Amino acid sequence: MGGWAIAVHGGAGVDPNLPRERQEEAKKLLTRCLQIGISALRSNLPAIDVVELVVRELETDPLFNSGRGSALTENGTVEMEASIMDGPKRRCGAVSGLTTVKNPVSLARLVMEKSPHSYLAFSGAEEFARQQGVELVDNDYFITEENVGMLKLAKEANSILFDYRIPAAGLESCSVGAAANSPMVMNGLPISVYAPETVGCVAVDSEGRCAAATSTGGLMNKKTGRIGDSPLIGSGTYAGDLCGISCTGEGEAIIRGTLARDVAAVMEYKGLGLQDAVDFVVKERLDEGRAGLIAVSRDGEVACGFNTNGMFRGFATEDGFMEVGIWE
């Protein structure tokens, strides 16, 4: 075993004009989450506990798109989703369509451990949350003033708005014609500036056990009922004996490429190392999609890959390596 390791992300695809202060806020949050995970791993908590702990912290802070601060649906509400997976026995839990659950990742874990199922959604997931006694809040808790403004912008553009963290000073450049002038498409339809900000964490503990967790509010101005890659085991999240992976980016492309599982698959079937497996999947499985992922191996390695202009990410390993970054 190569010791413990951890990686976190706050989304792939970053506004190139993101103000310096926003960049620093993001780095501080990623660093804080890494320190939480490092402390837990040093205390010999299993990897599954670590990824839940870190993603809960990310869900509680409104900076990224998960939990508080989630993107808004076309109706101005929040519908969150999350998943978690424990590598040793490939146990998993996932939830979608949450409107009142303060920490979706923890409900996903309860689905894994306290239900006979792997995935619950919408009213069924909400009812299960009440039965389990998890903390519930009004939907307004998740809605920020900034996101209300971004939803208005998206509706004026008649578009799904990916980059809902565009600085206020730059809103004028996102006109009603933004979607029509964009060279990017999703399932054949034009979209606006690309920068989703799903959050995730992967970890391997000192026993070589891998785990992964991912959480998101989805796309700004998404249709109600839309489900992305984040709660789909094998697409947005995967953990097994060899590695743990959390993805972020264009959900529809990640789903088509079963991105997370493919990293593990090429390690298993092609014998690739972790970084080579990540590079292969990002280059060969995304078609024209835009996305990124973080990964750890049972040997204590960390890796990331993305084909966007940036990805909010951070890594730490038992041998003292620690890095937080945004750009390539």
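Below, each value reflects all heavy atoms present in this structure, side chains not excepted, and no hydrogens, waters or symmetry copies. Position 1 is the first residue of the sequence, and the numbers go up from there. This is a predicted model, so every value here is computed, not measured.
- Annotation: cation-pi geometry not satisfied between R285 and F280 (NZ/CZ under 6.0 angstrom from ring centroid, within 45° of ring axis).
- The two residues L34 and A316 have their closest heavy-atom pair at CD2-N, 4.2 Å.
- Counting only heavy atoms from C-beta outward, the side chains of V134 and K102 never approach each other to under 4.5 Å.
- For the pair T60 (side chain) and R56 (backbone), a donor-acceptor distance under 3.5 Å is present.
- In this model, a donor atom of one side chain and an acceptor atom of the other lie less than 3.5 Å apart for E126 and T100.
- Screening S235, S66, S246, S230 for a side chain to side chain donor-acceptor pair (under 3.5 Å) with T214, the sole residue that qualifies is S246.
- Using a 4.5 Å cut-off on side-chain heavy atoms (C-beta onward), M267 and L274 make contact.
- No side-chain heavy atom of M322 sits under 4.5 Å from any side-chain heavy atom of F315.
- A donor-acceptor contact shorter than 3.5 Å links the side chain of T248 to the backbone of A12.
- Looking at N65, its side chain never comes within 3.5 Å of a backbone N or O of V199 through a donor-acceptor pair.
- Within the 3.5 Å criterion, the main-chain N or O of D140 finds no donor-acceptor partner in the side chain of D138.
- Of the possible polar contacts, one joining the D205 side chain to the A47 backbone as a donor-acceptor pair under 3.5 Å is found.
- Residues F128 and V111 have side chains in contact (heavy-atom distance under 4.5 Å, counting atoms from C-beta outward).
- Under the side chain to side chain contact (heavy atoms under 4.5 Å, CB included) criterion, A94 pairs with S83, Y119, P231, sequence neighbours left out.
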Residues S106, E52; criterion side chain to side chain donor-acceptor pair (under 3.5 Å); working and verdict: CA-CA 7 Å; S106 291; E52 180 189 6; 2.7 Å; yes
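- Taking the side chain as every heavy atom from C-beta outward, E57 and V54 never approach each other to under 4.5 Å.
- Hydrophobic cluster of Y269: no remaining members, since no ILVMFWY side chain lies below 4.5 Å from it.
- Taking every heavy atom of both residues into account, L72 and V78 meet most closely at CD2-CG2, 3.6 Å.
- Using a 4.5 Å heavy-atom threshold, the side chains of D279 and Q275 count as touching.
- Counted by atom type alone, D319 and T317 present one or more donor-acceptor pairs between their side chains at under 3.5 Å.
- Side-chain contact between R226 and E252 is present, with at least one heavy-atom pair separated by less than 4.5 Å.
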E59 vs N103, side chain to side chain donor-acceptor pair (under 3.5 Å): CA-CA, chis, key distance, verdict: CA-CA 6 Å; E59 289 174 340; N103 289 109; 3.0 Å; yes
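- Here the side chain of K27 pairs no donor or acceptor atom with the backbone of G325 at under 3.5 angstrom.
- Panel note: side chain R298, backbone V204; no donor-acceptor pair is recorded below 3.5 Å.
- In this structure a side-chain-to-backbone donor-acceptor pair under 3.5 Å is present from T144 to N147.
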